[in-house]
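Numbering of residues begins at 1 and proceeds along the displayed sequence.
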Amino acid sequence: GPGLAGLDLGQGTAANGTLGLRQGYVYLKTERILAPTIEDVFNKAKQMCLQTRGPEDESVDALCYDASGPTGKAASEEVNKHRHKQQDGSTEIDGINIMPVVGQTQKFVAPPLADGRRATDVFVNYRSYAWWEIRERARKTWENVYGEGTAERWPDSECLSLPVDDPVLYRELSTPLFFYNGGKIQIESKVDMKKRGVKSPDRADALVLAFLAKPPPPSFASRFSKR
């Protein structure tokens, strides 16, 4: 299948970002990006997506980025300079489907949960939903590997394969706390993590964003399949 990417933009004084790349349920790698400005970080990430090829020469077809805060605003302004808006509402730059997300928003669109409930009825915000989706993928993977005697085997598309040589990623994925707020699940924010002395989980956030990225519509993809 096509490659999909997530870009977490650093909120510090120096312009930086973390790009995560996946193909299907397989998370391939994480790349740190440093550049003079956030706009340059975004454009460098886009170029890396254009240059990345999968094992069967697949290109990266979609890039999901964190549009929150000043850095997200700067990236969105850069997107608006170069974007081509499609009839279905999607945004394209150089053949890549560009998807901005704001993690703290309480109004978001997501598929119904397995039990039929709406995601907005279960999770406080989009960040909480997105991180919990990774938790569920990890749980299903564990059950497939270690769940002896379990009747159900989860399809690979609902599981998660991580690189074995990235201990920082593993640590970051297990760092944020979760709690219930008004009966809904809430994942600890970066601000609250910082208050307890924990660094921003940039590599993990890039992975989470990569799994929010979705392939573009077929009509959109066919226009750029030979780029």
query = Do any N or O atoms from the side chain of N144 and from the backbone of W154 form a donor-acceptor pair under 3.5 angstrom?
reply = yes

key: Linked, directly or transitively: V208 and Y170 (ILVMFWY side chains, under 4.5 Å)   = yes

request  = Flag the pair D94 / L50 as yes when at least one side-chain heavy-atom distance between them is below 4.5 Å, and no otherwise.
outcome  = yes

ask   = If you look at every heavy atom in T141 and L160, which pair is closest and at what distance?
value = OG1-N, 2.9 Å

query = Just wondering, do T175 and M193 contact through their side chains at under 4.5 Å, heavy atoms?
reply = yes

query = Which atoms form the tightest heavy-atom contact between I187 and S128, and what is the distance?
reply = N-OG, 2.9 Å

inquiry  = With side chain to side chain contact (heavy atoms under 4.5 Å, CB included) as the criterion, how do D40 and K44 come out once you've worked through the C-alpha distance, each side chain's angles and the decisive distance to 0.1 Å?
reply    = CA-CA 6 Å; D40 292 330; K44 192 170 182 179; over 6 Å; no

request  = Return yes if some donor-acceptor pair links the side-chain N/O of N80 with the main-chain N/O of S76 below 3.5 Å, else return no.
outcome  = yes

ask   = Between E172 and R203, is there a salt bridge with N-O shorter than 4.0 Å?
value = no

Considering all heavy atoms, the nearest A210-L4 contact = O-CB, 4.1 Å

key: side chain to side chain contact (heavy atoms under 4.5 Å, CB included) between Y126 and V102, worked out   = CA-CA 7 Å; Y126 203 15; V102 178; over 6 Å; no

query = Is NZ or CZ of R137 both nearer than 6.0 Å to the six-membered ring centre of F211 and within 45° of the ring axis?
reply = no

note = Between the OG1 atom in T30 and the CG atom in D202, the distance rounded to the nearest 0.5 Å is 10.5 Å

key: Atom of G116, atom of P112 and distance for their closest heavy-atom approach   = O-CB, 4.4 Å

From CD (E133) to CZ (F123), nearest 0.5 Å = 6.5 Å

Test: R139 and E143 ion pair at under 4.0 Å = yes

K214 side, atom NZ; C64 side, atom SG - distance, nearest 0.5 Å = 9.0 Å

query = Going by an N to O cut-off under 4.0 Å, is there a salt bridge joining D8 and K190?
reply = yes

message = Could you measure the distance from the CG atom of L173 to the CG atom of D205? Nearest 0.5 Å is fine.
response = 9.5 Å

query = So do the side chains of N16 and I38 get within less than 4.5 Å of each other, counting heavy atoms only?
reply = no

request  = Taking the six-membered ring for Trp and the single ring otherwise, decide whether the centroids of F178 and W132 are under 6.0 Å apart.
outcome  = yes

task = Quick one: closest heavy-atom pair of T120 and F108, and the distance?
result = CG2-O, 3.6 Å

4.5 Å side-chain heavy-atom contact, I98 and E92 = no

query = If we only count heavy atoms from C-beta on, is the Q104 to S68 side-chain gap below 4.5 Å?
reply = no

message = With side-chain contact (heavy atoms from CB on, under 4.5 Å) as the test, pick out the partner of L209 among L7, V101, T18.
response = V101

message = For K29 and E31: C-alpha separation, side-chain torsions, deciding distance, then whether salt bridge (Lys or Arg N to Asp or Glu O under 4.0 Å) applies.
response = CA-CA 7 Å; K29 61 179 179 178; E31 299 281 357; 3.5 Å; yes

ask   = Taking a hydrophobic cluster as the set of Ile, Leu, Val, Met, Phe, Trp and Tyr residues connected by side-chain heavy atoms closer than 4.5 Å, whether directly or through intermediates, do V122 and L212 fall within one such cluster?
value = yes

ask   = Given side chains that start at C-beta, do those of V79 and T91 come closer than 4.5 Å, heavy atoms only?
value = yes

query = Is a salt bridge present between R196 and E188, judged by a nitrogen-to-oxygen distance below 4.0 Å?
reply = yes

message = Counting only heavy atoms not in R32 (residues, nucleotides, ligands), do more than 12 fall under 6.0 Å from its CZ?
response = yes

message = Quick one, I93 and K46 - any side-chain contact, counting heavy atoms below 4.5 Å?
response = yes

Residue pair N97, D61: steps toward the side chain to side chain contact (heavy atoms under 4.5 Å, CB included) verdict = CA-CA 6 Å; N97 191 28; D61 282 359; over 6 Å; no

Between CD on residue E158 and CD on residue E136, distance to nearest 0.5 Å = 10.0 Å

Beyond-backbone contact of M48 with L19, side-chain heavy atoms, under 4.5 angstrom = yes

query = To the nearest 0.5 Å, how far apart are OG in S157 and NZ in K140?
reply = 8.5 Å

remark   = Of all heavy-atom pairs linking L21 and Y27, the shortest is O-CD1, 3.5 Å

inquiry  = Out of the candidates D192, N181, N125, only one should pair with Q186 under the side-chain hydrogen bond (donor to acceptor under 3.5 Å, both in side chains) rule; please name it.
reply    = N181

inquiry  = I'd like to know if L113 and Y180 are part of one continuous hydrophobic network [Ile/Leu/Val/Met/Phe/Trp/Tyr, side-chain heavy atoms within less than 4.5 Å].
reply    = yes

Shared hydrophobic cluster for Y129 and W131 (ILVMFWY, side-chain gaps under 4.5 Å) = yes

task = Check the hydrophobic clustering (I, L, V, M, F, W, Y; side-chain heavy atoms under 4.5 Å; chains of links allowed) and say if L162 and I134 are grouped together.
result = yes

